[in-house]
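We name chains A, B, ... by the order of the sequence lines, and we start the count at 1 in each one.
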Amino acid sequence: MYEPQSVEKRIYQFWEESGAFQADSSSEKPKFSIVMPPPNVTGSLHLGHAWNNTLQDIIIRYRRMAGYEALFLPGTDHAGIATQTRVEKMLREETGQSRYDLGREKFVERVWDWKREYGNRITNQVRAIGSSCDWSRERFTMDEGLSKAVRTVFVELYNRGLIYRGNRIINWCPRCSTALSDIEVEHMEVPGKLYHVRYPYVDGSGEVVIATSRPETMFADVAVAVHPDDTRYQNKIGKMLQLPLTDKQIPVIADNYVEQEFGTGCVKITPAHDPNDFEVGLRHNLEMPQCIDADAKMTALAGAYAGLSREEARIRVVEDLRQGGYMVKEEELLHAVGHCSRCDTVVEPFLSDQWFVKMGPLAEKALASLGRKELEFVPERFERVFTHWLDNVRDWCISRQLWWGHRIPAWYCDSCGEITVAMDTPETCQHCGSKDLRQDDDVLDTWFSSGLWPFSTMGWPNDTEDLQAFYPTSVLVTAYDIVFFWVARMVFTGLEFTDKMPFEKVVMHGLIRAADGRKMSKSLGNGVDPLEVIEKYGADALRFTLANGTSPGNDQRFYWEKVEGSRNFINKLWNASRFVLMNLPADEPLQDLDPGAFSVVDKWIVTRLQETVDEVSGHLLRYDFGEAGRALYDFTWDEFCDWYIEFAKLSLYGEDEAAKGQTRAVLVYVLDNVLRLLHPMIPFVTEEIWQSLPVSGPSLILASWPQPDQTWTFPAAVEEVRQVIEVIRSVRNIRAEMNVAPSKPIHLLIRANSVQSDALLHSVEPYLKRFCNAEAVDIGTNQTAPDKAVTAVFGGGEIYVPLTDLVDLGAEQERLQKERDRLQSEVLRATKKLSNQQFVAKAPPEVVESEKQKAAEYQQRLASVEERLAALMAD
RNA sequence: GCGGCUGUAGCUCAGAGGGAGAGCACCACCUUGACACGGUGGGGGCCACAGGUUCGAUUCCUGUCAGCCGCACCA
């Protein structure tokens, strides 16, 4: 039994130390490169990473074997919010201090300590799944070089007018105390209420009724808007309203944004707390007071409610509105509420000074480039998702109120108030020369640095050899859930700063789900730790599970049973290899392959191997890992193990030394190639086995990828062995159906229906004897059915198994009738097709021809079965 | 609202314009000298539904139903 635990660590170390993972930028070979989506340093490997890494590593190992200089560049990102939160929590637990107690500098130093201590945990986990990364090129988003790239891009974009600072509404997470970009907000349908509230006119001439889902923001109301065409309110525009629960007065204004049909057609305008109202505020030049602060608490503006949380405030405000007679009605409302994607807190639309990337021009460039087919998505459909998003992008808020991250290279002048943006800390203000400069406190969104990953990792902005050799990268492999976060940003920055798409292809895979189809998540506690899988079944089994039988871009569910199946396959391979090895002579060299001396089964397996090589290579080139895995599984188990090895035993246990030598050579040849083909998927076992095979080369990881060899294909042999197998199966079926114990020898008679068939059957007689457990085999073109025999019909003739004392005539009749029915329906199907003039006229000739052949063969078989049946009835 | 995915054996899923597949589960048999994480044989499916294109559709197109997922500021 194969035990991966004792093998995998050793093999990985061997590879790593042998330099097999290292790519040479000065190599003459064609280049192939992948940059790994950097996992969070704080994180630990989950099955999604495992899947992602498996696919990348399959691609890289395949290309490396196929003669490319292959680079798989690993690294991690600094994960601003996640890491900072983590270290803050640790700090609080250990010393009771907050980051403010420590101060920025000390705190950041603390995070670096943490990173140095735990940061290589995840990269060691990546090693455990076998990724053949070039660790000498490992990068971290906060490395000096990558930080320089970040500053360069920031300064450049600022100078090109694509980065600006503005006082705008952004998504604010009160718990994380930072701004978030639009895509870091998850909208969830939440039941709420639509409150209809009376706002009376100041002059006592009545009232308007507004509808709101957030009554607690009313203290920051600056107007009530109606549609300019709304006849109900046209003459009210400009009138003043008394804001309930306050002494404030606000005007009725007109704006096209209001929908007349919704609610009452009146909208309260709160520019500081609602993105739409903010736009209205800008259009009408309104004040933008805030009644909720950064901690999601009510400000002094809320008067008596100041200091309350927004939730408490709502309850109290609603109550007081009811008391005061302002509440008209309360309707149930299901509405989408933004939640922080990291901590699930309800996001507050918050007016503040932030930095933004102007997306319009960047998106346009990306769309143009996509239009020119400069990037290919696999599967294709993801391109639509991508372009649709690009069509509607909004500016990207990139500043984060954190300490851990790339600090924004912008300085404010206390003398003139202007901003200086520079690569290096400026001595003086660019505008007035003053030395009173303060650097912006904020850091950049982590994705800002991840967005530069394909080229920043290769040394950009310096013009390095790596960039020359390996950029643009060949493929990007990622799950579809981060196309917008990551892929899009890399595309923008790649085009803007390198004038190239950062990768030729984007290969998308799905998400891995729990067995019940739900997402794996910490809160549900239904996550499976890949390391546990590796510990129990080995990394190869995990990899094969994740790659085999999957479909591009689709999700998959995790099943331990599937891992078990993979483990069984690996074990099968291991045992087959043991068989091959134990049948090799210890001291003689292996014979050369001599196709002239091949037996029919040798020709067959060698041909099937060529076909498999062709098939698997094609699937891998198309990134169709599931199909590649399936083809290899079937060939290895069903054809090589179940049939060829069994055939080979005859020769190996026989007396013919020449045949034995050939068989050994074929076994080794096929196994060698199977190992090569399987290596990208299950690198550990294949390397381990390969090391003990009598083949030349330092390691499988550096061995060459098999090429299909047309001179070694014997199509006739494939057809012949197919027939031999059919005979053997038929006899086994007879044994099982007629309850003849496998241990009981039988007498086998075969009537060949052609000379060729006769010759073939004679040549494979030893196989028939062994596989059918026949004490005697009689083959001839004029064999006839003996009395009391069980019959089966195959393509090349008829099989008779005399069962003198055992035969149950009823059972045999039943068997033959079943077979007759089956054949009849086949004949019917074929003749029906052929009698259709349209089919014969319009279908491709080869299809018609093969249909004719089928019809003829089934006719013949049917006739045989009917004849036998008649004879049986006559008895 | 817009866009996308999925619907195939009891379960999980591949597949492809010309005879329905795999793994697991199930039934029967097998202590065969690589492997019981194994071997042999077997049962099981109107390929969601309705139209259309085609000589031919489970596969392509349209619609319906069901499940899921993105994107979207409707108070």
Side-chain angles (χ1 to χ4, degrees), chain A residues 1-2 169 182-183 187 194-195 210-214 225 257-259 261-270 274-279 333 335-336 338 349 381-382 384-385 388-389 391-392 394 480-481 483-484 510-511 515 517 519 537 541 548-551 553-559 561-562 564-583 626-627 629-630 633-634 638 641-642 645-646 649 653 728-729 732-737 739-743 770-771 773 825-826 829-830 833 836-844 847-848 850-851 854 858:
Chain A
M1 205 171 307
Y2 174 62
I169 287 250
D182 292 341
I183 49 179
H187 291 274
L194 190 63
Y195 301 92
I210 58 94
T212 179
S213 60
R214 299 200 62 196
Y257 142 72
V258 181
E259 274 191 47
E261 290 74 31
F262 192 91
T264 57
C266 297
V267 189
K268 72 187 202 58
I269 299 299
T270 323
D274 181 284
N276 297 307
D277 294 6
F278 177 72
E279 297 297 324
L333 176 75
H335 59 159
R381 64 184 142 92
F382 287 103
R384 297 189 48 174
V385 179
H388 179 256
W389 185 78
D391 282 331
N392 309 306
R394 294 162 55 184
Y480 61 71
D481 59 342
V483 241
F484 309 139
L511 307 178
K519 265 192 194 177
Y537 294 97
N548 186 37
T550 57
S551 172
N554 285 0
D555 293 352
Q556 71 170 309
R557 301 188 192 193
F558 180 85
Y559 277 91
E561 291 89 333
K562 193 176 176 194
E564 244 170 65
S566 304
R567 186 269 319 260
N568 294 352
F569 173 67
I570 287 158
N571 192 237
K572 186 76 183 177
L573 177 68
W574 176 256
N575 282 307
S577 306
R578 268 193 337 131
F579 173 82
V580 172
L581 289 168
M582 69 175 55
N583 279 290
E627 282 296 285
R630 189 197 46 73
Y633 184 98
D634 290 349
D638 298 344
C641 293
D642 284 351
I645 285 184
E646 294 306 323
K649 285 177 182 171
Y653 301 156
I728 293 166
R729 286 212 163 119
R732 284 172 172 171
N733 175 278
I734 288 173
R735 298 191 84 110
E737 299 233 320
N739 284 314
V740 181
S743 54
R770 181 185 172 98
F771 291 109
N773 189 18
S825 69
E826 291 290 356
R829 192 192 52 75
K833 251 187 170 172
N836 181 344
Q837 290 309 308
Q838 300 277 24
F839 172 74
V840 179
K842 295 191 179 171
V847 173
V848 178
S850 88
E851 208 59 44
K854 279 186 234 164
Y858 285 123

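Side-chain atoms of Tyr195(A) do not come within 3.5 Å of backbone N or O of Ala211(A) as any donor-acceptor pair. No donor-acceptor pair closer than 3.5 Å links the side chain of Arg394(A) to the backbone N or O of Asp182(A). A donor-acceptor contact shorter than 3.5 Å links the side chain of Asn773(A) to the backbone of Pro742(A).
Asp391(A) has its CG atom 15 Å from the C1' atom of G70(B), to the nearest Å. For the pair Phe569(A) CZ and A34(B) P, the interatomic distance rounds to 20 Å; values are reported in whole Å. Rounded to an integer number of Å, the gap from Phe771(A) CZ to U40(B) P is 10 Å. Atom-to-atom, CD1 of Ile570(A) to P of A34(B) comes out at 22 Å; the value is rounded to the nearest Å. Rounded to whole Å, the distance from CG on Asp638(A) to C1' on G39(B) is 13 Å. Summarising the geometry, the separation between CG on Asn568(A) and C1' on A22(B) is reported as 15 Å, rounded to the nearest angstrom. Rounded to a whole Å, the CD atom of Glu564(A) is 12 Å from the C1' atom of G23(B). The CZ atom of Phe382(A) sits 15 Å away from the P atom of C69(B) (whole-angstrom rounding).
Between G10(B) and G70(B), the distance separating the two P atoms is 31 Å to the nearest Å. Annotation: G44(B) and G33(B) have their P atoms spaced 33 Å apart (nearest Å). Comparing the C1' positions of C47(B) and A22(B) gives a spacing of 15 Å, expressed to the nearest Å. Rounded to whole Å, the separation between the C1' atoms of A14(B) and U59(B) comes to 14 Å. A gap of 13 Å separates the C1' atoms of A25(B) and G43(B), to the nearest Å. Remark: the separation of the C1' atoms in C24(B) and G19(B) is 27 Å, to the nearest Å. Nucleotides C69(B) and C55(B) place their P atoms 42 Å apart, quoted to the nearest Å. Only the P atoms considered, U32(B) is 14 Å distant from U40(B), to the nearest whole Å.
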Identify each atom pair where a protein N or O and an N or O of nucleotides 71-75 of chain B are less than 3.5 Å apart, giving names and distance.
from   : atom 1 : to        : atom 2 : distance (Å)
C73(B) : OP1    : Arg394(A) : NH1    : 2.8
C73(B) : O2'    : Asn276(A) : ND2    : 3.1
C73(B) : N1     : Asn276(A) : OD1    : 3.2
C73(B) : O2     : Asn276(A) : OD1    : 2.7
C73(B) : O2     : Asn276(A) : ND2    : 3.1
C74(B) : O2     : Glu259(A) : OE2    : 2.5
C74(B) : N3     : Glu259(A) : OE1    : 3.3
C74(B) : N3     : Glu259(A) : OE2    : 3.3
A75(B) : O2'    : Ala211(A) : O      : 2.5
A75(B) : N6     : Glu259(A) : O      : 2.6
A75(B) : N6     : Phe262(A) : O      : 2.8
A75(B) : N1     : Glu259(A) : N      : 3.2

Pick out the pairs of N or O atoms, protein on one side and nucleotides 7-17 of chain B on the other, that lie under 3.5 Å.
from   : atom 1 : to        : atom 2 : distance (Å)
C13(B) : OP1    : Arg557(A) : NE     : 2.6
C13(B) : O2'    : Gly549(A) : O      : 3.3
A14(B) : O2'    : Glu627(A) : OE2    : 2.9

Within the sub-3.5 Å range, which N or O atoms of nucleotides 54-60 of chain B have a protein N or O partner, and how far apart are they?
from   : atom 1 : to        : atom 2 : distance (Å)
C55(B) : OP1    : Lys842(A) : NZ     : 2.6
C55(B) : O2'    : Asn836(A) : ND2    : 3.0

Tabulate protein N/O versus nucleotide N/O from nucleotides 30-33 of chain B, keeping only pairs under 3.5 Å, one per line.
none

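Within the model, atoms OG1 of Thr550(A) and NZ of Lys562(A) stand 6.5 Å from one another, a figure rounded to the nearest 0.5 Å. Taken from CD1 in Ile728(A) to CD in Glu646(A), the straight-line distance is 10.5 Å, to the nearest 0.5 Å. The distance from atom OG of Ser577(A) to atom NZ of Lys572(A), rounded to the nearest 0.5 Å, is 11.5 Å. Note: Glu564(A) CD to Tyr559(A) OH = 14.0 Å, rounded to the nearest 0.5 Å. One finds the CD1 atom of Ile210(A) at 6.0 Å from the NZ atom of Lys268(A) (value rounded to the nearest 0.5 Å). The structure places CD1 of Ile645(A) at 9.0 Å from CG of Asn583(A), a figure rounded to the nearest 0.5 Å.
In this structure, the side chains of Tyr257(A) and Asp277(A) come closer than 4.5 Å at one or more pairs of heavy atoms. Side-chain contact check for Leu573(A) versus Tyr2(A): every heavy-atom pair is 4.5 Å or farther apart. Looking at heavy atoms from C-beta onward, Leu511(A) lies in side-chain contact with Asp481(A) at the 4.5 angstrom threshold. When side chains are defined from C-beta on, Asn575(A) counts as touching Arg578(A), because their heavy atoms get closer than 4.5 Å.
Between Arg578(A) and Val847(A), the residue whose closest nucleotide on RNA chain B is further toward the 5' end is Val847(A). Each of Arg829(A) and Tyr480(A) has a nearest nucleotide on RNA chain B; the 5'-most of these lies closest to Arg829(A).
Asp481(A) comes within 4.0 angstrom of no nucleic acid atom, judged by non-hydrogen atoms across all strands. When heavy atoms are screened at a 4.0 angstrom cut-off, Arg384(A) is found touching the sugar-phosphate backbone but no base atom.
Heavy-atom minimum distance, Phe262(A) versus Leu194(A): CE2-CD2, 4.0 Å.
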Handout entry: Strand RNA chain B as a dot-bracket string - pairs counted if Watson-Crick or G-U with both distances under 3.5 Å, | where the partner lies in another strand
Key = (((((((..((((....[..)))).(((((.......))))).....(((((..]....))))))))))))....

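For the pair Lys649(A) and Phe579(A), the cation sits on the ring face: its NZ or CZ lies under 6.0 Å from the ring centre, inside 45° of the axis.
With sequence neighbours excluded, the residues that form a side chain to side chain contact (heavy atoms under 4.5 Å, CB included) with Ala541(A) are Tyr537(A), Val563(A), Ser566(A), Arg567(A), Ile570(A).
The closest side-chain donor-acceptor pair between Tyr480(A) and Asn554(A), if any, does not fall under 3.5 angstrom.
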Handout entry: side-chain contact (heavy atoms from CB on, under 4.5 Å) assessment of Phe278(A) paired with Ile269(A)
Key = CA-CA 8 Å; Phe278(A) 177 72; Ile269(A) 299 299; over 6 Å; no

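For the pair Arg735(A) and C29(B), the criterion of a side-chain N or O lying under 4.0 Å from OP1 or OP2 is not met.
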